[in-house]
Q: 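There's a structure below that I have some questions on.
These figures come from a predicted structure and were not determined experimentally. Each residue takes its place number in the sequence, starting with 1. Start at 1 and go down the list; that is how both ligands and their atoms are numbered.
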Amino acid sequence: MSEPKKLFIKTYGCQMNVYDSERMAEALGAEGYVTTEVAEDADMVLLNTCHIREKAAEKVYSDLGRLRPLKLAKPDLKIGVAGCVAQAEGEEILRRMPLVDLVVGPQSYHRLPAMAKAAEKGRKSVDTDFPQEDKFDHLPDRPRANVRPTAFLTVQEGCDKFCAFCVVPYTRGAEVSRPAERVLAEARGLVEKGVREITLLGQNVNAYHGAGRDGDWTLARLVRELARVDGLERIRYTTSHPNDMADDLIAAHGEEAKLMPYLHLPVQSGSDRILKAMARKHTADQYLRLIEKIRAARPDMMMSGDFIVGFPGETDADFDATMDLIRAVNYGMAYSFKYSARPGTPAAEKTPVAAEVADARLQTLQALITSQQRAAQEAMVGREVSVLLEKAGRLPGQMVGKSDYLHAVHVQTDLPVGEIARMRIVSSAPNSLAGAVLDA
Ligand code: SAH
Ligand code: SF4
Ligand code: F3S
């Protein structure tokens with residue numbers, strides 16, 4: 001038998017790309033490819049790319065440039081570009097980077113095996129269709145060998161919201177929810193392999209409306225059914241839009257013990273003027289009242305958010321309003337970005353804020369966020385939490401895992417990976433906590 005072909009995948013961008021990369025590896029696995037961690041060993045290199053900001057997209061081209069010597073040394077090496085840059089730029093990638101053999105978008109990667117075969121025969125291909133058929137129906141069942149105790153599971157994909165700054169509706173296409181039964185089957189399969197925590201993924205995951213046994217299911221309904229799967233201990237979901245944060249989902253947070261008390265709910269700005277220009281379709285006050293409602297259902301909810309500074313037209317007063325909102329919410333975690341004009345989006349037509357101004361605002365905002373994150377982490381000291389043990393730590397006898405609130409926790413224990421241990425948090429380091437296991 002011939003040596004298996006080796007596949008190296010590099011993943012950029014969001015968690016959905018992490019999930020997609022796994023599915024691509026599985027699809028090519030059925031064609032005899034095994035994954036390698038070393039690009040130099042690979043017969044095929046796939047870059048699963050992100051188009052969200054200019055820097056992310058440009059990184060792909062510099063990484064492709066760095067593959068040139070490898071391809072020269074190994075002419076049989078196949079190079080593929082997948083993901084959102086592939087969708088946005090298509091053929092253009094082949095023109096700019098002749099070393100690329102195939103380009104495949106996020107909705108057509110179930111066709112990757114055929115494209116790989118064509119590449120092996122020296123034929124280049126580009127597939128950026130939004131096909132009629134559902135890629136999930138054409139991907140192989142998830143294999144048995146495994147695994148980590150945590151997994152991502154895409155339940156909804158695409159976006160119809162068209163925020164003025166964002167490329168996702170163009171790269172991922174229209175909002176589509178997977179049928180509930182498919183999601184449940186995939187979840188059960190993951191649990192059989194030893195997965196204890198599943199993070200449901202969607203660009204607007206809380207807009208989930210997949211077909212169920214008795215009509216369309218909401219995300220809350222899906223979560224409640226998943227909570228009945230034996231062996232599945234923790235459920236998370238991301239990313240949510242404030243306007244889709246339905247009452248039944250908020251209620252589930254108060255009632256379902258398996259639904260973790262951590263919620264990523266991006267708001268982008270605290271200024272109503274900017275929110276309007278961004279087409280977010282809600283006000284800062286509506287967002288704040290929503291968070292009050294969520295905290296009424298689940299008082300210990302750890303809030304997480306995303307912010308964009310320097311959106312076209314953002315004044316000092318607008319920025320101050322964002323700072324006020326951050327103070328009012330008190331985030332456990334937040335991600336912030338300098339606005340990046342994206343080709344084809346409405347905001348890209350507008351005059352940008354001066355780079356120095358945007359840089360200064362980003363620094364100011366990040367300092368506030370960092371202090372909130374630190375305070376939230378330090379406030380965990382002395383508290384009892386559950387930690388899902390994910391892997392061995394660097395010290396002998398040490399394990400690392402995640403608390404219910406998604407903090408990384410180090411602990412000395414004999415318990416194996418996949419166990420959920422009750423522990424008391426004893427100290428806080430800059431990026432993690434230390435815990436001591438409580439006797440059962
Ligand atoms: N679907 C999610 C997030 C999508 S992208 C949502 O609706 O919130 C993740 C984050 O990237 C966004 O929340 C936003 O903060 C940031 N982002 C998106 N487009 C951007 C742009 N053009 N410039 C800077 N940041 C951007
Ligand atoms: Fe982008 Fe807005 Fe859709 Fe989120 S809701 S993916 S930010 S368009
Ligand atoms: Fe990036 Fe596409 Fe995700 S643009 S953030 S990889 S949906």
Q: Do you see a protein non-hydrogen atom under 4.0 Å from atom 16 (C) of ligand 1?
A: yes
Q: Distance under 4.0 Å to a non-hydrogen atom of P266: what atoms of ligand 1 satisfy this?
A: 8 (O)
Q: Between R123 and D101, is the closest basic N to carboxylate O distance under 4.0 Å?
A: no
Q: Is K5 salt-bridged to E31, going by a charged N under 4.0 Å from an acidic O?
A: no
Q: Is there a heavy atom in R280 that sits closer than 4.0 Å to ligand 2?
A: yes
Q: Report yes or no: does a heavy atom of K338 sit under 4.0 Å from some atom of ligand 1?
A: yes
Q: H241 heavy atoms, cut-off 4.0 Å: which ligand 2 atoms fall inside?
A: 5 (S)
Q: Using a strict 4.0 Å cut-off to heavy atoms of Q203, name the atoms of ligand 1 that fall inside it.
A: 1 (N), 2 (C)
Q: Can you list the protein N, O or S atoms less than 2.8 Å from atom 1 (Fe) of ligand 2?
A: C166 SG
Q: What are the two closest heavy atoms between M323 and L365, and how far apart are they?
A: SD-CA, 3.8 Å
Q: For ligand 1, is any non-hydrogen atom under 4.0 Å from F337's backbone (N, CA, C, O), its side chain (CB onward), both, or neither?
A: side chain
Q: For ligand 2, indicate whether the residue N204 contacts it via side chain, backbone, both or neither (heavy-atom separation under 4.0 Å).
A: side chain
Q: What residues come within 4.0 Å of ligand 3, counting heavy atoms only?
A: C14, N17, T49, C50, H51, I52, C84, R172, Q203
Q: For atom 13 (O) of ligand 1, what is the closest protein heavy atom, and at what distance to 0.1 Å?
A: D306 OD2, 2.6 Å
Q: Taking non-hydrogen atoms only, is S340 closer than 4.0 angstrom to ligand 1 via side chain, backbone, both or neither?
A: both
Q: N/O of F307 under 3.5 Å from N/O of ligand 1, yes or no?
A: no
Q: Within the structure, is a non-hydrogen atom of V168 found at a distance of less than 4.0 Å from ligand 1?
A: no
Q: So F8 and T35, do their side chains get closer than 4.5 Å, heavy atoms only?
A: no
Q: Do you know which of Q107, Q87, H51, E157 makes side-chain hydrogen bond (donor to acceptor under 3.5 Å, both in side chains) with R172?
A: E157
